[in-house]
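Shown next, in structure tokens, is the structure this report addresses.
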Amino acid sequence: MSLTYNIHAPKKPTNLTVNSDLLKQAKEYKINISAILESALAEALKEKKRERWKEENKEAIAYYNSALEKYGLFSDEMRTF
């Protein structure tokens, strides 16, 4: 599966506002906050891109589904079960 971002891009410092108790507990458990944030952002980005693709291609998907319903798959007659 291809990534949604360049994993070799340089890191960039940024300022965030985080719940102080969450931050304290994460530090106590030695959780890599940057890695967690990157992972969560990558997942959110992947979902947004998936949603956009589905929206941009909804007409083609509807047409394909309609044709499939009307004509079936070309391989339907090859099934042996």
Side-chain angles (χ1 to χ4, degrees):
M1 176 183 280
S2 65
L3 294 174
T4 57
Y5 66 101
N6 177 2
I7 61 171
H8 302 295
K11 304 285 183 180
K12 182 175 180 176
T14 192
N15 292 324
L16 300 170
T17 303
V18 179
N19 177 288
S20 60
D21 188 45
L22 281 174
L23 185 60
K24 178 182 159 228
Q25 290 187 51
K27 287 182 178 183
E28 287 174 6
Y29 284 91
K30 295 180 173 47
I31 293 174
N32 184 333
I33 299 166
S34 295
I36 296 292
L37 174 62
E38 281 187 10
S39 178
L41 282 174
E43 280 302 311
L45 180 60
K46 187 165 56 171
E47 181 59 30
K48 290 292 185 182
K49 286 184 175 188
R50 182 181 301 123
E51 289 172 14
R52 179 184 285 175
W53 184 90
K54 285 169 55 177
E55 180 63 28
E56 290 172 350
N57 292 282
K58 70 180 177 183
E59 288 179 22
I61 293 168
Y63 176 80
Y64 175 80
N65 288 336
S66 173
L68 187 61
E69 200 172 299
K70 184 175 182 180
Y71 302 111
L73 292 172
F74 75 93
S75 62
D76 280 347
E77 52 194 62
M78 306 294 267
R79 294 180 186 211
T80 58
F81 56 92

Shared hydrophobic cluster for Ile31 and Val18 (ILVMFWY, side-chain gaps under 4.5 Å): no

Student check: side-chain heavy atoms of Lys49 and Lys54 closer than 4.5 Å: no

Tyr64, OH atom: more than 12 neighbouring heavy atoms under 6.0 Å: no

same_hphob_cluster(Ile61, Leu68) at 4.5 Å side-chain heavy-atom cutoff: no

CG-NZ distance between Asn19 and Lys24, expressed to the nearest 0.5 angstrom: 11.0 Å

Reported CD-to-CG distance for the pair Glu55 and Asn57, which is rounded to 0.5 angstrom: 9.5 Å

Ile33 side, atom CD1; Leu16 side, atom CG - distance, nearest 0.5 Å: 9.5 Å

Interatomic distance, Leu22 atom CG to Lys27 atom NZ [nearest 0.5 angstrom]: 12.5 Å

Same cluster (ILVMFWY, side-chain, under 4.5 Å), Tyr71 and Leu73: no

Between CG on residue Leu41 and CD1 on residue Ile36, distance to nearest 0.5 Å: 11.5 Å

Flag if over 12 foreign heavy atoms under 6.0 Å of CD, Glu28: yes

Side-chain donor-acceptor contact under 3.5 Å, Asp21 with Gln25: yes

Lys/Arg N to Asp/Glu carboxylate O, Arg52 vs Glu47, below 4.0 Å: no

Trace of the salt bridge (Lys or Arg N to Asp or Glu O under 4.0 Å) decision for Glu51 with Lys46: CA-CA 9 Å; Glu51 289 172 14; Lys46 187 165 56 171; over 6 Å; no

